[in-house]
Enquirer: 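For reference, the structure I am asking about is given below.
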Amino acid sequence: MLYYNDNRIKKRCALLMSIVLLVCLAAVLPMQVRAADAAIYPMYQRAVDFPQGDLSRLAQVIRKAQAGGEINIGFLGGSITEGRGAANVQDCYVSQVYKWWYEAFPLAQINVINAGVGGTSSYLGVHRVDAELLVHKPDLVFMEFAVNDTFTEFCMNSYENLIRKILMSESNPALVLLFATNAVGDSSQAVQAALGQYYDLPMISYGKAVTPEVEAGSFTWFQIAEDIVHPNNMGHSIFAGLITTYLEDLCAKLDTIEVDAARLQQYELPEPVTMQVYQNAHIENAATITPLEVLGYDVYDFNYHFGDNWYSMQDGSYISFVVEASNIGILYQRTVEGTFGQYDVYIDDQYVKTLDGNYVEFYGTETEAEELFASPDGGKAYHVIKIVKNPASFNTDFVIIGLLVS
């Protein structure tokens, strides 16, 4: 997680990021690309082609910035939000959007919290959002999980829980949904946008912006991306340009935005579409929970993002916990080297599944989150979780990053 903070006096620069984007496009795209295709605005018009949503909270944030207040802006998502594909941290879309706020509001103190974690979905997001983002009391949150979430009821459930958790958090933040895409247009945008419309939220789609340009031959996918998923510098500039153009539009029409005063504070949300089982979701690690039994595990900061992990390097090792929960998941480490083992999970003495500490490169993620148990009626009870080495596993190394409990 990265945190940007600067309260120096700054010079306003209108439409800065759009200009930067156009310069970048002109320098990188081949000569046959038409000027109209290179401009940000046609892409921007498609990117925001959604019902505009209620803008009350977002307008309040902009007015607070104009008045020179302190603004906390959070970004929650996966590897694109973390900055994967950008040459340097300052080139990622989060840093570029921060730069826009920094230069657009010279009297304000702009703080940005980047809570992007590569390879993670809204399921892990709903468990980590309190400790990594909401604790900073954001005024505004941008959320992107369209690429890492699957088009399933499970992800729809965690994503809706996350929406509600953010909107009802203590600082009453504005929430903007972002939708990335991959090279073949796969994303969960459709289901997430439906939820966004249901909750009357503003939305911006990188996928809707760039996919038609690729199909029309304005530029190729690999001119804007380093692989089939992650934008390169040019892609990150496009993504940032869509967001900052949207913010410029809001600034231009700020006096005409109707503000619902009730929505500036916690308000009654519509009835949920899915079960609200993750509102108290959190991560338990070696610093917060003591094992019931343990043999052959030591505590290390093995994972890059999450510390206080349990690391097994001994044959015959096992570990168990008692938790009170309605839903239980696990966050564990995977490696591409093929040196980790396979471990079996039991809940209340019933076998649940075998976790593989290895994955094939490009077909997995190092930080893997899986649900292990869901109460049929959502009721809480005490459960015993036991994790033991599979008898057929040749390797012994295994890292438990944490338990996902709600």
Side-chain angles (χ1 to χ4, degrees), residues 1-2 74-86 89 92 94 113-133 143-150 152 154-155 158-159 162 180 182 188 227-230 278 281-289 297-313 319 321 327-343 345 353-372 385 387 395 397-406:
M1 180 181 70
L2 295 177
F75 289 80
L76 182 66
S79 55
I80 296 173
T81 298
E82 187 179 10
R84 172 73 182 272
V89 65
C92 75
V94 172
I113 307 96
N114 186 344
V117 175
T120 64
S121 68
S122 63
Y123 173 63
L124 179 56
V126 78
H127 286 84
R128 64 184 181 87
V129 66
D130 284 303
E132 295 189 16
L133 180 55
M143 183 166 72
E144 202 299 300
F145 284 110
V147 172
N148 289 347
D149 272 11
T150 55
T152 62
F154 174 74
C155 283
S158 59
Y159 193 79
L162 195 45
N182 62 18
S188 57
D227 55 31
I228 63 170
V229 175
H230 302 99
Y278 300 122
H282 61 282
I283 301 174
E284 297 279 7
N285 60 25
T288 62
I289 188 172
Y297 279 85
D298 288 316
V299 176
Y300 291 93
D301 289 340
F302 186 91
N303 185 270
Y304 177 75
H305 292 285
F306 305 93
D308 297 302
N309 316 140
W310 294 279
Y311 193 161
S312 168
M313 294 180 286
I319 192 168
F321 308 90
N327 289 68
I328 302 168
I330 190 167
L331 185 64
Y332 64 102
Q333 189 78 27
R334 280 179 156 179
T335 176
V336 72
E337 287 82 7
T339 57
F340 274 23
Q342 292 77 44
Y343 277 66
V345 180
K353 70 190 314 179
T354 299
L355 306 175
D356 192 347
N358 307 293
Y359 71 88
V360 178
E361 193 170 10
F362 305 123
Y363 292 92
T365 179
E366 292 184 356
T367 304
E368 186 69 28
E370 293 191 31
E371 188 170 65
L372 302 172
I385 308 161
I387 303 166
N395 296 316
D397 286 19
F398 192 74
V399 175
I400 302 169
I401 300 171
L403 300 177
L404 307 178
V405 180
S406 59

Enquirer: Going by side chain to side chain contact (heavy atoms under 4.5 Å, CB included), name the residues that satisfy it together with T150, two or more places apart in sequence or in a different chain.
Expert: T152, C155
Enquirer: If we ignore hydrogens and angles and just use 3.5 Å, is the side chain of R334 paired with the main-chain N or O of D356 as donor and acceptor?
Expert: yes
Enquirer: Hey, does V345 have a side-chain heavy atom less than 4.5 Å from the side chain of T354?
Expert: no
Enquirer: Could you pull out all residues at least two apart from T81 that satisfy side-chain hydrogen bond (donor to acceptor under 3.5 Å, both in side chains)?
Expert: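 Result, side-chain hydrogen bond (donor to acceptor under 3.5 Å, both in side chains) vs T81: Y93.
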Enquirer: With sequence neighbours excluded, tell me which residues meet side-chain hydrogen bond (donor to acceptor under 3.5 Å, both in side chains) with Y311.
Expert: D397
Enquirer: Could you measure the distance from the NE2 atom of H305 to the OG1 atom of T367? Nearest 0.5 Å is fine.
Expert: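 Interatomic distance, H305 NE2 to T367 OG1, rounded to 0.5 Å: 6.0 Å.
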Enquirer: Identify the two heavy atoms, one from A115 and one from L133, that lie closest to each other, and give their separation to 0.1 Å.
Expert: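 Between these two residues, the closest heavy atoms are CB-CB, 4.5 Å.
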Enquirer: Kindly give the heavy-atom pair with the smallest separation between D308 and N285, and that separation in Å.
Expert: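 Residues D308 and N285, closest heavy atoms: O-CB, 3.4 Å.
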Enquirer: If the condition is side chain to side chain contact (heavy atoms under 4.5 Å, CB included), which residues does D130 pass it with, not counting sequence neighbours?
Expert: L134, K165
Enquirer: Is the backbone N or O of T120 less than 3.5 Å from a side-chain atom of N148, with the two atoms forming a donor-acceptor pair by type?
Expert: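 Side chain of N148 to backbone of T120: a pair is present.
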Enquirer: Quick check: closest heavy atoms across H127 and A281, and the distance to 0.1 Å?
Expert: CD2-CB, 3.5 Å
Enquirer: Measure the CG-CD1 distance between L124 and I283 for me, rounded to the nearest 0.5 Å.
Expert: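 Here the rounded value is 5.0 Å.
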Enquirer: Tell me, please, which residues at least two apart from Q333 pass side-chain hydrogen bond (donor to acceptor under 3.5 Å, both in side chains).
Expert: N303
Enquirer: Is there side-chain contact between I113 and F75, with at least one heavy-atom pair below 4.5 Å?
Expert: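 No - every pair of side-chain heavy atoms lies 4.5 Å or more apart.
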Enquirer: For the residue pair N182 and V147, what are the closest heavy atoms and their distance?
Expert: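 That closest heavy-atom pairing would be N-CG2, 4.4 Å.
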Enquirer: Suppose we screen for side chain to side chain contact (heavy atoms under 4.5 Å, CB included). Which residues come up paired with T335, at least two apart in sequence or across chains?
Expert: E337, T339, F340, N358
Enquirer: When rounded to the nearest 0.5 angstrom, what is the spacing between CD1 in I400 and CD1 in I387?
Expert: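 One gets 3.5 Å once the value is rounded to the nearest 0.5 Å.
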Enquirer: Check salt bridge (Lys or Arg N to Asp or Glu O under 4.0 Å) between E370 and all other residues, then give those that pass, not counting sequence neighbours.
Expert: K353
Enquirer: Is the backbone N or O of G118 less than 3.5 Å from a side-chain atom of E82, with the two atoms forming a donor-acceptor pair by type?
Expert: yes
Enquirer: Rounded to the nearest 0.5 Å, how far apart are CD of E284 and CZ of F321?
Expert: 9.5 Å
Enquirer: If the condition is side-chain hydrogen bond (donor to acceptor under 3.5 Å, both in side chains), which residues does S79 pass it with, not counting sequence neighbours?
Expert: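 Applying side-chain hydrogen bond (donor to acceptor under 3.5 Å, both in side chains) to S79 gives H230.
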Enquirer: Show the nearest heavy-atom pair for residues L76 and V129, with the distance to one decimal.
Expert: CD2-CG2, 3.8 Å
Enquirer: Not counting sequence neighbours, which residues clear salt bridge (Lys or Arg N to Asp or Glu O under 4.0 Å) with D301? List them please.
Expert: none
Enquirer: If I take atom OH from residue Y304 and atom CD from residue E366, how far apart are they, to the nearest 0.5 angstrom?
Expert: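 Here the interatomic distance stands at 12.0 Å.
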Enquirer: Do V117 and E132 come within less than 4.5 Å of each other through their side chains, counting heavy atoms only?
Expert: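 V117 reaches E132 side chain to side chain.
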Enquirer: Would Y359 and E368 count as a side-chain contact (heavy atoms from CB on, under 4.5 Å) here? Give the steps.
Expert: CA-CA 10 Å; Y359 71 88; E368 186 69 28; over 6 Å; no
Enquirer: To the nearest 0.5 Å, what is the distance between CZ (F302) and CG (N309)?
Expert: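 Going from CZ on F302 over to CG on N309, the span is 8.0 Å.
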Enquirer: Could you check if a side-chain atom of Y343 sits within less than 4.5 angstrom of a side-chain atom of I330, using non-hydrogen atoms only?
Expert: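 No. Closest side-chain heavy atoms not under 4.5 Å.
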Enquirer: Quick one: list whatever passes side chain to side chain contact (heavy atoms under 4.5 Å, CB included) with N327, sequence neighbours left out.
Expert: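 Partners of N327 by the side chain to side chain contact (heavy atoms under 4.5 Å, CB included) criterion, ordered by chain and then number, come out as V277, Y278, E371, A374, S406.
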Enquirer: Any side-chain heavy atom of L403 sitting closer than 4.5 Å to one from I328?
Expert: no
Enquirer: Identify, with sequence neighbours excluded, every residue that meets ring-ring contact (aromatic ring centres under 6.0 Å, His included) alongside F154.
Expert: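 With neighbours one apart ignored, the set is Y123.
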